[in-house]
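Below, chains carry the letters A, B, ... as their sequence lines are ordered, and counting in each starts from 1. Every value quoted in this text rests on a predicted model; they were computed, and no experiment measured them. The analysis underlying the following values was restricted to heavy atoms, covering all of them including side chains, and did not include hydrogens, waters or symmetry mates.
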Amino acid sequence: MRTHSTLLFILFMLAILEPGIGNWLFEESNRSWYRFHILWGLLILFIFFNSLRQRKENEL
Amino acid sequence: MNFNSATLLFITIAYLFFLFWVANAAEKKLIPERIVSHPFIYVLALGVYASGFAYFGITGLAAQYGIGYLNYYLGICAVFFLTPVLIRPLYHVCKTYRLSSIADLLSFRYRSQAVGGIASIIMALAMLPLIAIQIEVVAESASFLFTRTLEHGERFYLHGIAGLLFCILIAISTVMFGSRTLNARDSHRGLIAALAFESVIKLIALLVIGAVASYAIFGSWDSFREQFLDAPQSQLPKQADQNSLRIMFISFFGMALALPSAFQLLYAEESGYKKLRIASWGLPLFLLAMSLPIAPLLWAARSTGFEGGDYAVLHITQYLNSDALALIVFLGGLSAASGTIMVSTLSLASMTLTHLFLPLLSFRKQRDDVYNWLLRARQTLIVLSIFAGFVLYLLLPHQHQLSTLMLLTTSGCAQLGPAIIGVLYWPTANRRGAIYGMITGGSIWLLWLLIPSLGFELFPRPELPMFRALYNDANWVQVTSFALVANSLVFALTSLFTKTSREEKAAAATCNIDDLNRPGRSRLNLSNAREMGERLSEHLGHAVASQELGRALTELNLLADENRPYALRRLRDQIEVNLSGLMGPSIARRIIDNSLPYTAGLIGDGEDITLIETRLETYQANLTGLAADLDSLRRYHRETLEQLPIGVCSLGSDQEILLWNKTMSAISGVASHQVLGSSMLDLPDAWANCLLTFGSCSDVHWSRHELNTPAGKLWLNLHKTESQIQGRDELIIVVEDITDTQLLESELTHQERLASIGRLAAGVAHEIGNPVTGIACLAQNLRYESDNPDTLESAEQIVKQTQRITSIVQSLVNFAHTGSNHHAPGQGSANVQHCAEEAIQLLSLDREAKHIQFENRCDPQYCVQADTQRLVQVFVNLLSNARDASPNGSVVTIAAELAEHSEAHLQITVTDQGEGIDQSLQDRLFEPFFTTKEPGKGTGLGLALVYSIVKDFSGTITIESPLTPASPTLEPPHGTRVWILLPLATDTNGDTLEG
């Protein structure tokens, strides 16, 4: 089975950061609205750059 | 100002017409190809996930679950973030086996028509609330535009009429540009372009309304922060609500995996890995943009006194009282709803047709019109699906929330989740597990969620102690959890305790990530592709069978008279795959199994090595880690085997050729791609007989086997061994071509014989010389001792015969001496013209010879590196032969000129006007004792002697016969010309000597 290191890394980071991120995200205000979107955007960026890197590796 | 009904109808029709134009323009390539096939267009088309609910209903979810509404988007995003482990392997399987729906996939994996049928029923029921949502949002927004003052009762009838009109229009649109072609392989370029266009419209509309609302309601950033960001979040999920969020996330994740509309776009369309890779971040980005304005919109609506959740967008529009904004909102909603409803019903119709209706029908009745019939049936089902959604919409209680309907759909779709995960990650999962699991989960969902949502409660929901933590949560959370747990447990336990068939294991191997299918090599009771077509026509009708056979042959690049077993197996698979795209995998398999059955099971345990090799060649780039290492090792061994300097072939017990390396191709003259997978009987006769006989005999070695092939005679050493791999009843034959060695040995033997003759000749000459001289002396003495004329005549004859013996003996001695190579080239120089003249003189002494005219055309200036006497001997022999071959009165010419290609050589020709020499004899002319003359007239040593002398002079000699006449049409070819090439004589400075 192929090892998808990027996905494992994301899951690992989410697992160890969950307590801290959870508090920050669910603060008693509507700020969680944009904080969720920031985290979501960062995840997309990560996937995007990883996809870019994989494409270059495949081209090589 | 309010919009009247005619205007609304016109806007809706105009929009749908424009959508149709976009689709048509894309299909007819009026829109540039680079735009239509751009990955971003595909990503935008995937925006069909964001349905009318994401436009009007998501605010209701946000009102109910606070920030938890993001789970709707995050569940879908999670599936795309996991593209490498979820979407890509499913894409690979679906593309390879032409699976166009989730029911196709499950039916293929679990090898069961029932699995596909149950999945179709669950999906059909689960999709109805989603279709109802789309109808409702369009009807609601149209009613809103029409009038904002009607009472509830009046609005209900208005909704009904608006919904009905929308259903009619969307049904026509879907049938027109969504289901014009039947084949799953046909790319719906137009549909993709139209969906992308709709996604752009709904995204722009939502962003515009979000921006306008935020600006209009909050006014400034400070106000936005004060009223929205820093305001206490009343809907913040409590601890108990975390359960809802988790279940919501799982449900939306399951929905994103199983939703028929998304499945259609992800796996049935020709997207390709590149587009999927871009979609893995592109669609989450699109959904992020769609989600961004939702919370501000809700809070803006709340700020203006809105207390509900659904349709916050409409409330804002009403508050701002802008017709332009209202129109944008309506178009955005129409885009979201129409796109979803079109793709959903398209895929739903295909799925239900394939898995619910076709199994009940017999194809023999439709015969030649199957394609048309299927198309009509599918279009009917599209219309039925839309109106079933409309009926559900009418049946729904008035006070319901869009989010409740959406959660009904997601919860239903999630019931397929365990079976889908099993497809990829659980090879021992079986059809019983999948069937019982889906029935259990689906029944719980149906009885305690779907039916109660319509206002009926058939059975009270049991409250199990293990779900005590969920007692405070909403009904859907409890039912979904219960259904998913029960589904998974039944699926797992049944699969564990029941047997998984061999067929299912093979399908599981096909579906597993990185696990290439190991297809078996079975025997087909067919002789060629035409026979395959005849068998198919018994089940499909002649026209359909011919069309499908022709299509498969074209796709595999095979000919109609193909008869290789390997190719026939591939053809069978390809037809099954093509039929699978048309009728679903179960029916396709049933038809193929009935019409083209394998005569027996697997041939031993042998895999189809040829197919595995072919697949590995194309799959190499996807292998990593140990698999890549193993593949490298395989390539190394394969290359070694291919490059071996001896031929290797492997034969199955059914005489199928499994291996044919390069040397084998070179020896036999049959390329490996022509014979791999074919029967040994298809080889050229000589090879087929040889290999068959050797394979069946008890010998393990054949040495110096003589094989007569059209290309010539071959000498082979053959060795064989049986495969030692357990279960593989195969024979490996090694073929060594020793033809060159054999010819060399023959040549050496011949040379040895010649050398022996030379030595014998020298001895015989020496021994015969003395007695012959004695006989000659006695015969001469006899002439002086008798006057008897008869005696004198006899003495004369004796002298002549002894002279002849002496001549023969002298020739033998000369031949023996030339073989000893005593005369090194360059020892002297000989004038060619003088030598030729001398030879002519000698020949002219023979009075009994034919009357032939010798013509010496040699230039006296040319000298060659040769011994004069031996050169004269060469000329005497050649001219003598020419004279013997020529008719009386003809001319024999000897000429010399500089060689064309080398000025250091002289080209001497001796030409006669005889009949020429037969082509078959020319190769033997220089052999000793070979003569074409009558017995007693030639020794057969003349030309052999000439050859030896010329070789001694470092020259070459060739014969051209018959000569091409000056006017071929008037006279036949005749005459012979002997070509001698000799090096010109040079002085000590290397300059050419002249006579």
Side-chain angles (χ1 to χ4, degrees), chain A, chain B residues 62 66-70 73-74 77-78 80-86 88-89 224-225 227-237 242 245 273-274 276-289 291-292 294-296 298-299 425 512-515 621-628:
Chain A
M1 178 175 165
R2 295 182 68 171
T3 305
H4 296 282
S5 52
T6 312
L7 292 172
L8 285 175
F9 176 74
I10 291 174
L11 292 175
F12 175 73
M13 291 303 286
L14 286 177
I16 60 168
L17 293 175
E18 196 274 334
I21 288 180
N23 278 334
W24 179 67
L25 284 176
F26 292 103
E27 197 179 310
E28 288 286 326
S29 74
N30 282 333
R31 287 180 186 274
S32 55
W33 164 72
Y34 71 80
R35 287 175 182 171
F36 252 112
H37 283 90
I38 287 173
L39 191 65
W40 187 356
L42 286 175
L43 210 55
I44 290 170
L45 271 179
F46 186 81
I47 299 284
F48 168 72
F49 283 115
N50 185 57
S51 163
L52 210 62
R53 183 182 60 83
Q54 275 189 345
R55 198 184 72 188
K56 284 181 180 172
E57 277 180 6
N58 288 343
E59 282 171 0
L60 286 175
Chain B
I67 203 69
Y69 82 92
L70 289 177
Y73 304 101
L74 293 177
C77 289
F80 280 82
F81 286 153
L82 296 173
T83 293
V85 291
L86 276 180
R88 189 168 168 162
F224 180 75
R225 193 175 59 190
Q227 292 184 47
F228 174 55
L229 291 180
D230 293 335
Q233 194 184 23
S234 57
Q235 278 77 25
L236 189 72
Q242 293 292 341
L245 299 185
Y273 290 138
K274 184 187 173 189
L276 287 180
R277 197 176 58 230
I278 291 175
S280 69
W281 57 266
L283 185 71
L285 192 62
F286 174 82
L287 293 177
L288 176 74
S291 136
L292 212 52
I294 299 302
L298 179 63
W299 259 259
Y425 294 102
N512 274 1
I513 297 171
D514 284 355
D515 193 351
N622 298 315
L623 297 176
T624 56
L626 190 58

K.L.:
Examine whether an atom of B:Ile278 lies under 4.5 Å from a heavy atom of chain A, and if so say whether it belongs to the side chain, the backbone or both; otherwise answer neither.
P.N.:
neither
K.L.:
Quick check on A:Tyr34: does its OH atom have over 12 non-hydrogen neighbours (other residues, nucleotides or ligands) under 6.0 Å away?
P.N.:
yes
K.L.:
Most heavy-atom pairs under 4.5 angstrom with chain B, which of A:Leu52, A:Leu43, A:Asn50, A:Leu45?
P.N.:
A:Leu43
K.L.:
If the plane angle is over 60° it's perpendicular, under 30° parallel, otherwise tilted; pick one for B:Tyr73 and A:Trp40.
P.N.:
tilted
K.L.:
Can you say whether B:Phe80 sits under 4.5 Å from chain A via the side chain, the backbone, both, or neither, judging by heavy atoms?
P.N.:
neither
K.L.:
With a 4.5 Å limit on heavy-atom distance, are the side chains of A:Phe49 and B:Trp281 in contact?
P.N.:
no
K.L.:
Specify which of B:Leu285, B:Thr83, B:Leu70, B:Leu292 makes the most heavy-atom pairs with chain A at under 4.5 Å.
P.N.:
B:Leu292
K.L.:
Which pair of non-hydrogen atoms, one from A:Gly41 and one from B:Leu288, has the smallest distance, and what is that distance?
P.N.:
CA-CD2, 4.3 Å
